[in-house]
Amino acid sequence: MAVGFSQNDLANGVLENPQKIDALRSTLLQWFKSNGRHYIPWKLTKDGTLPNENQYLAVYPILVAEVMLQQTQLKVVLPYWEKWMLALPTLVDLAKAEEDKVLLLWQGLGYYSRARRLHVTSRILLNLIGIPNSLNPANWPKDLESWMNLPGIGRNTAGSIISSAFNLPSPLLDGNVKRVLTRLIGSTKTPNKDLARLWKLSDLLLDKNLPRTFNQALMDLGATICTKYNPICTNCPWQNYCSAYNSGNPENLPVKGQKLILSKAVIGVGLILNKNQDVLIDQRLDEGSMGGMWEFPGGKKEKDESIEMTIARELREELGVEVKVGKKLIEFDHSYTHKKLHFIVHLCELISGKPKPLSSQEVRWVKLSDLQNYPFPKANSYMISALKEYFLISKTKMK
DNA sequence: GATGCGTGGAC
DNA sequence: TGTCCAAGCAT
């Protein structure tokens, strides 16, 4: 008797067989009791216990966590979330916070537009709920539509929030669930080209009586058993039902999407220092990559240009100043999702002109000891370290 | 519907 | 030193 599912099962209606659905639910929930990740702080009550079916959980901590978790692993998020909740413990605190403070708390997490959208979302929600009511989960919106209309909240995040906070029956489709379901049905389509079917399957399987627990169990299964590499099928509650396992090579699924090609460029950066040893920084435009973050001015090297020429030209174009390009401070590679950049960073001296934000929001002279109060993307943090190191050494030499 | 968006973990 | 991808969303 075949107990597994084939990739045509869903289309053929086999998965709608209530007995098979029940078997999948009960084996997963049973597994979850003793093997789930029961340590996730925003999934617990104030007493640190698992919530029962009738309990709401605090919404704001879940909202923050779910946005941080977009394209980011749980273990990376945990320390950021802890720090965030100490600095901005309530919705009101976030709504009232300065953007620099928000971005500083996000610094290092990447995809910085998430932080700015979450900030906007907090203000919309506060308007909706009102300050006296913002601490009571009962007063928050509970339907998928309302959540999805908020900036930075898509279907998955909205479903996660309302199933986690209110135990409402809304399915999920994150990276873990995509991998688990793709293997379960043995789909040979790359998950992101099969979203409609996977959403349907996630909804079909969801235990409507225990949505919070079921969704968490499904994600935990993906994160701890049905991993990308070396899945531990012998411990999997769905082993006997899994098409990928029955095929003998579960690791072969899901199939990869199109390989993405990184473009390469050399970036010249100028660290302009004045007589007080303040350094010039500028704030990136809100729209576009890493919007609202601060940086050191610079730009892409053209073909027939020396790096000194690049830096002088970029600083002329971006700040309207003439500089003398001095010694090289540091040089390094840094990769982004879609491009690989080689940064070459020189110290510079201002010759003429007053720096103006011609292609940024604002320019500012900052003491080295104050740089920590400005949110910088990762690449700039290497430059800051090198700069501080440099002045530490030159101070030592002067003694 | 394809593409752009940061950083770090795992292999 | 590279590749792939992670609790995705917006455009």
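As a basis for the values below, the full set of heavy atoms in this structure was taken, side chains included, without hydrogen atoms, waters or symmetry mates. Residue numbering restarts at 1 for every chain, and letters A, B, ... go by the order of the sequence lines.
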Is any side-chain nitrogen or oxygen of [X] closer than 4.0 Å to OP1 or OP2 of [N]?
X: A:S335; N: B:dT7; value: no
X: A:Y111; N: C:dA6; value: no
X: A:N156; N: C:dG8; value: no
X: A:H334; N: B:dG6; value: no
X: A:K178; N: C:dG8; value: no

Which one, [options], comes nearest to the side chain of [X]?
X: A:N176; options: B:dT7, C:dG8, C:dA7; result: C:dA7
X: A:K259; options: C:dT3, B:dA10, C:dA7; result: C:dT3
X: A:K228; options: C:dA7, B:dG9, B:dG8; result: B:dG9
X: A:V76; options: C:dC9, B:dG9, C:dA7; result: B:dG9

Could you check whether [X] gets within reach of a base, just the sugar-phosphate, or nothing at all, counting any heavy atom under 4.0 Å?
X: A:Y229; answer: sugar-phosphate
X: A:T157; answer: sugar-phosphate
X: A:K43; answer: nothing
X: A:L172; answer: nothing
X: A:Q107; answer: nothing
X: A:G154; answer: sugar-phosphate
X: A:M68; answer: nothing

Are A:F376 and A:F296 near enough that their ring centres are under 6.0 Å apart?
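Ring centroids of A:F376 and A:F296 are less than 6.0 Å from each other.
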
Donor-acceptor pair, distance only, cut-off 3.5 Å: does the side chain of [X] make one with the backbone of [Y]?
X: A:N139; Y: A:S134; answer: no
X: A:T227; Y: A:Y229; answer: yes
X: A:H342; Y: A:K264; answer: no

Mind calculating the distance between [atom1] ([X]) and [atom2] ([N]) to the nearest angstrom?
X: A:R116; N: C:dT11; atom1: CZ; atom2: C1'; answer: 15 Å
X: A:H342; N: C:dG2; atom1: NE2; atom2: C1'; answer: 17 Å
X: A:E295; N: B:dG6; atom1: CD; atom2: P; answer: 12 Å
X: A:N149; N: C:dA10; atom1: CG; atom2: C1'; answer: 14 Å
X: A:R114; N: B:dT7; atom1: CZ; atom2: C1'; answer: 9 Å

So, for A:G222 and A:V180, which heavy atoms are closest and what is the spacing to 0.1 Å?
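It is CA-CG2, 3.5 Å.
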
On DNA chain C, nearest-nucleotide positions of A:Q73 versus A:L150: which is more 5'?
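Between the two, 5'-proximity favours A:Q73.
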
Checking A:N246 against A:S243 for the side-chain hydrogen bond (donor to acceptor under 3.5 Å, both in side chains) test, could you report, in this order, the C-alpha distance in whole Å, the side-chain angles of both residues, the deciding distance, and whether it holds?
CA-CA 5 Å; A:N246 288 329; A:S243 176; over 6 Å; no

May I ask you to check whether A:D220 and A:W31 show a side-chain donor-acceptor distance below 3.5 Å?
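A:D220 vs A:W31: no donor-acceptor pair found between side chains.
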
Assess whether one donor atom and one acceptor atom, taken from the side chain of [X] and the base of [N], lie less than 3.5 Å apart.
X: A:R179; N: C:dA6; result: no
X: A:T337; N: B:dG6; result: yes
X: A:T72; N: B:dG6; result: yes

Taking atom P in both B:dG8 and C:dC9, what distance in whole Å separates the two?
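Approximately 22 Å lies between the P atom of B:dG8 and that of C:dC9.
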
What's the gap between B:dG4 and C:dA7 when it is taken at their P atoms, as a whole Å value?
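Rounded to whole Å, the distance is 24 Å.
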
